There are 2 protein chains.
Amino acid sequence: MENNKEKTEPDVSTEDKIKGAARIVFYKKGFAATRTRDIAEEAGINLALLNYYFRSKAKLFEIIMIETLSGFMKSMVILLNDPKTDLDEKTGSIVSKYIDLITKEPEIPTFIVTEIRSNPGLLLEKLPIKQIIQHSVFIKQYKEAVEKGDITEPNPLHFLINLIGLIVFPFIAKPLIIGGIEMKAQEFDNLIQERKKLIPVWIKAMMSAR
Amino acid sequence: MENNKEKTEPDVSTEDKIKGAARIVFYKKGFAATRTRDIAEEAGINLALLNYYFRSKAKLFEIIMIETLSGFMKSMVILLNDPKTDLDEKTGSIVSKYIDLITKEPEIPTFIVTEIRSNPGLLLEKLPIKQIIQHSVFIKQYKEAVEKGDITEPNPLHFLINLIGLIVFPFIAKPLIIGGIEMKAQEFDNLIQERKKLIPVWIKAMMSAR
DNA sequence: GTCTATAACGTGATAGAC
DNA sequence: GTCTATCACGTTATAGAC
């Protein structure tokens with residue numbers, strides 16, 4: 001029912017049309033390579049309206065950036081702080097949740113990576129990752145598992161980097177995989193779906209390796 | 001002896017000064033966000049010289065891009081095709097080689113990822129990844145290991161994605177790690193050095209998990 | 001709120017003197 | 001080969017009519 005492009009949607013506000021279009025274009029091309037004309041055209045509106053609703057290209061970008069980042073992190077924080085799930089369940093739900101999420105919007109990881117490079121300061125003020133992760137249920141459970149000997153790697157940062165990396169990296173490297181090996185888009189999707197089952201198994205094996 | 005910035009180097013050709021500066025600026029900012037003036041300034045030469053030696057910004061970029069890509073892939077192809085090493089040794093040498101390489105030039109992975117997004121066609125003509133990898137010694141050895149039951153995951157693509165991802169992802173996510181967790185640069189380097197020993201162990205555990 | 005027209009500016013590239 | 005000066009163009013942003 002609401003599955004169509006913005007252009008054919010009748011009852012969305014102009015402001016939201018612009019934001020939707022900005023998301024599409026910024027995700028695909030990044031800030032520097034995006035022209036405000038691209039956004040206006042994608043939104044099906046006049047160029048001047050962009051500056052009427054948002055003051056500038058930079059301001060519009062910042063809004064998209066912050067929304068994207070916080071939207072992306074939100075599920076992570078919630079899942080890591082769930083007291084009702086153990087470590088294995090947390091791994092499984094994060095893998096499943098994020099592979100689905102990124103499959104729907106595959107450009108997001110590369111977008112975040114490229115744009116944070118040119119603006120590293122923006123996020124660390126806006127997103128209090130540190131506090132949330134350091135006092136999370138996950139960290140507590142991780143330390144317990146290390147003490148019990150279920151996990152051999154004492155540093156939870158390796159765990160998180162590996163988990164997120166195994167999920168996200170194929171999407172970041174997608175053009176290289178597709179292009180380098182002449183893979184069809186459908187085959188790539190299958191590969192990703194396979195990983196949904198494999199990554200939790202891999203993670204468990206890795207972190208208890210000796 | 002030759003450890004200084006280009007600016008103070010006496011006896012490098014102007015052409016090489018420009019290429020060196022272009023590498024630095026393109027790596028850091030990407031094609032779209034780079035101004036030819038930035039490169040000229042970094043090289044300590046006049047802007048007009050850039051167009052004298054290289055026809056345009058795009059042409060200069062293409063040279064840097066191709067040199068970077070082929071330089072980055074070269075070691076991989078060689079190591080994967082070495083008939084004298086087994087799978088474990090290949091893993092170890094690739095991890096060690098690439099962590100050292102990227103530690104020296106940490107911006108390369110993000111540079112490749114971001115710039116290939118806007119120019120996916122460029123590389124797949126220039127780099128015959130497919131042929132080289134499909135007929136590699138590595139593939140042969142991998143299939144043998146699967147048949148012997150040493151490896152449970154039948155698809156070598158997962159192996160390669162995981163291996164490269166575990167190596168490269170921390171560098172790509174570096175601003176997030178450093179910023180998000182308020183890590184010092186030195187601590188990050190230590191983390192990376194730890195991974196040099198850990199990744200081979202992890203990979204072995206992952207790929208023989210059941 | 002939305003449009004057209006245009007100002008203001010930045011950037012890639014070149015002409016031409018040395 | 002190297003420089004200064006400048007052109008030509010694309011892009012962001014705004015003024016002002018509707």
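Each chain gets a letter, A, B and so on, in the order the sequences are listed, and its residues count up from 1. Note that the structure is predicted; figures quoted are calculated from it, not measured.
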Inset, instruction - Using modelled atom types only, decide if a donor and an acceptor are shared between the side chain of B:Y98 and the backbone of B:F72 within a distance under 3.5 Å. - result: yes
Legend entry - Sugar-phosphate, base or nothing in reach of A:S13, heavy atoms under 4.0 Å: nothing
Legend entry - Flag for A:R195-B:N162: side-chain donor and acceptor within less than 3.5 Å: yes
Inset, instruction - Output yes when A:R117 and B:E107 qualify as a salt bridge under the 4.0 Å nitrogen-oxygen rule, no when they do not. - result: no
Inset, instruction - Using whole Å, report how far CZ of A:R35 lies from C1' of D:dC9. - result: 13 Å
Legend entry - Any donor-acceptor pair under 3.5 Å from B:K57 side chain to B:T34 backbone: yes
Inset, instruction - Among D:dT4, D:dT12, D:dT14, find the nucleotide with the atom closest to the side chain of A:A48. - result: D:dT14
Inset, instruction - Would you check if the side chain of A:E187 reaches a backbone N or O of A:K184 as a donor-acceptor pair within less than 3.5 Å? - result: yes
Inset, instruction - Take the protein atom CG of B:L47 and the nucleotide atom P of D:dC7, then report the distance between them rounded to whole Å. - result: 16 Å
Legend entry - Within the 6.0 Å centroid threshold, strictly below: A:F26 and A:F61: yes
Legend entry - Close residues, residues 57-65 of chain B, relative to DNA chain D [heavy-atom separation under 4.0 Å]: none
Legend entry - Point-to-point distance, once rounded to the nearest 0.5 Å, from CG of A:L198 to CE of B:M207: 8.0 Å
Inset, instruction - Would you kindly give the CG-to-P distance between A:L49 and D:dA15, to the nearest whole Å? - result: 16 Å
Inset, instruction - Could you check whether A:Y53 gets within reach of a base, just the sugar-phosphate, or nothing at all, counting any heavy atom under 4.0 Å? - result: sugar-phosphate
Inset, instruction - Could you check how far CG of A:N51 sits from C1' of D:dT12, rounded to whole Å? - result: 7 Å
Legend entry - Phosphate contact (D:dT12 OP1 or OP2) by A:T36 side-chain N/O below 4.0 Å: yes
Legend entry - Span of DNA chain C, from the first to the last nucleotide whose atoms fall under 4.0 Å of chain A heavy atoms: C:dG1 to C:dT4
Inset, instruction - May I ask you to decide if B:R35's main-chain N or O and B:D38's side chain share a donor-acceptor pair within less than 3.5 Å? - result: yes
Legend entry - Side chain A:S96, main chain A:G92, donor-acceptor under 3.5 Å: no
